[in-house]
Amino acid sequence: MNLIANFAVLASRRTIFDLPVCDLGWDDALVFINELASIPVGQTVVCFVNAHNMLTALRDDEYYRIMSHNLVLPDGIGLNIASQIAHGSPFPANLNGTDFVPAFLTFMEAPRRIGLIGGAPSVVEAAAENFRRHTPWHEFIVISDGFFDKVDSTDVTQEIERQKLDILIVGMGTPLQEKWVHDNIRADHARLVLTVGALFDFVSGAVPRAPKTVRMMRLEWAYRLIQEPARLWRRYIIGIPVFLFHVLRYRFRRRERILSQPEEQRSVSQPIVDRRKAS
């Protein structure tokens with residue numbers, strides 16, 4: 001993330017497992033990221049982190065390091081619970097990519113050239129078409145589906161360079177998409193990069209979203225589990241309790257470390273906690 005973005009959100013973040021997560025509300029997040037898209041220098045990579053992503057980050061040092069340099073938005077009830085335990089209050093908004101990205105595209109009044117990478121060929125093409133109907137003042141370019149050589153992505157990066165994009169949306173799943181962007185996408189490729197997981201599946205209609213009432217109740221994860229039990233049972237049935245266990249253990253160990261310090265050190269600064277000890 002460029003220095004301008006880094007300083008701008010310094011006072012609007014709270015840490016989960018020492019990973020800074022943006023705690024802006026919906027309106028402020030839309031305004032802020034729209035400003036980032038207008039900055040003529042540097043690059044900001046925006047990613048959306050949920051309980052599953054956090055558990056992945058605890059096990060994957062490279063992914064954790066990359067995420068710590070991105071602008072991380074909170075996604076889902078798991079992050080709210082973690083914030084409540086660690087900081088005494090939930091995040092102001094659930095900024096999940098499936099809702100936030102279409103809202104952001106609508107919020108941007110200035111026309112942008114937006115590239116899409118990821119998903120099956122028919123899925124990303126259908127997603128692009130639906131995006132065009134949703135916000136016809138933007139230009140959506142399908143750069144590639146998700147089935148390309150991740151080791152040698154020269155053809156894809158050359159196409160990105162040729163298209164002279166303003167924004168790049170990458171949906172290849174976590175942590176592959178964040179690692180690939182980190183290794184391959186330069187600031188002159190796109191000033192703003194959004195890593196969006198399964199967004200194209202939902203936008204294209206290939207995977208149905210939960211009804212609005214279910215989403216308002218924060219139970220979309222349960223709806224998805226019913227829709228795809230074979231793929232998602234481990235993530236939710238096992239992953240959620242494991243995540244909460246780590247959150248509680250981290251909270252109590254952090255409190256013990258703080259209380260074990262001399263009082264003068266407590267009032268001056270808090271040491272950075274080694275996340276691996278908390279996991």
Side-chain angles (χ1 to χ4, degrees), residues 43-50 52-53 55-57 59-60 62-63 66-67 70-73 75-76 96-102 104-105 112-135 138-187 189-209 220-221 224 227-228 230-232 234-235 239:
Q43 182 185 75
T44 302
V45 179
V46 178
C47 55
F48 303 86
V49 65
N50 55 28
H52 174 68
N53 301 148
L55 286 178
T56 302
R59 298 188 298 263
D60 187 330
E62 180 189 7
Y63 176 53
I66 291 170
M67 293 279 277
N70 292 348
L71 178 62
V72 179
L73 302 186
D75 174 1
N96 69 85
T98 309
D99 291 320
F100 186 84
V101 172
F104 174 63
L105 296 175
R112 304 289 187 186
R113 286 178 60 81
I114 303 170
L116 309 182
I117 297 177
S122 60
V123 167
V124 69
E125 290 288 353
E129 187 57 37
N130 285 338
F131 278 140
R132 293 179 189 114
R133 283 196 288 267
H134 176 70
T135 49
H138 300 310
E139 186 174 0
F140 294 92
I141 303 104
V142 175
I143 301 297
S144 174
D145 57 47
F147 298 91
F148 61 89
D149 188 348
K150 308 304 188 299
V151 177
D152 182 2
S153 305
T154 304
D155 290 345
V156 175
T157 55
Q158 286 180 345
E159 179 63 12
I160 293 171
E161 189 169 359
R162 189 179 72 83
Q163 291 292 347
K164 301 190 181 306
L165 304 173
D166 299 303
I167 297 171
L168 178 64
I169 304 178
V170 181
M172 298 193 298
T174 296
L176 173 62
Q177 60 192 10
E178 288 83 11
K179 291 182 178 181
W180 185 82
V181 167
H182 177 78
D183 292 338
N184 293 277
I185 302 303
R186 306 188 309 265
H189 286 150
R191 298 302 182 196
L192 182 68
V193 182
L194 306 172
T195 58
V196 295
L199 174 66
F200 299 154
D201 289 332
F202 294 117
V203 173
S204 68
V207 176
R209 286 205 72 185
E220 188 167 12
W221 66 269
R224 290 191 64 195
Q227 296 293 313
E228 301 181 84
R231 186 174 73 86
L232 297 176
R234 187 180 299 275
R235 175 183 299 190

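Starting from 1, each residue takes its place in the sequence as its number. Here the structure is a predicted model, which means the values were calculated and not measured.
Within 6.0 Å of the NZ atom in K164, the count of heavy atoms belonging to other residues, nucleotides or ligands does not exceed 12.
Closest approach of G119 and D145 over heavy atoms only: O-CB, 3.2 Å. Shortest non-hydrogen contact noted between N184 and H189 is O-CE1, 3.5 Å.
Checking side-chain atoms of H138 against main-chain N and O of I114 turns up no donor-acceptor pair under 3.5 Å. Checking side-chain atoms of D149 against main-chain N and O of V151 turns up a donor-acceptor pair under 3.5 Å. Checked by atom type and distance alone, the side chain of Q177 pairs as donor or acceptor with a backbone atom of G173 at under 3.5 Å.
Taking 4.5 Å as the limit, every side-chain heavy atom of W180 sits out of range of all side-chain heavy atoms of T195. Side-chain atoms of N53 and Y63, non-hydrogen and from C-beta on, do get closer than 4.5 Å to each other. Counting heavy atoms from C-beta outward, F202 and V101 have side chains that stay 4.5 Å or more apart. The side-chain heavy atoms of F131 and L116, taken from C-beta on, include a pair separated by under 4.5 Å. Using a 4.5 Å heavy-atom cutoff, the side chains of H52 and T174 are not in contact. Taking 4.5 Å as the limit, every side-chain heavy atom of V170 sits out of range of all side-chain heavy atoms of I185.
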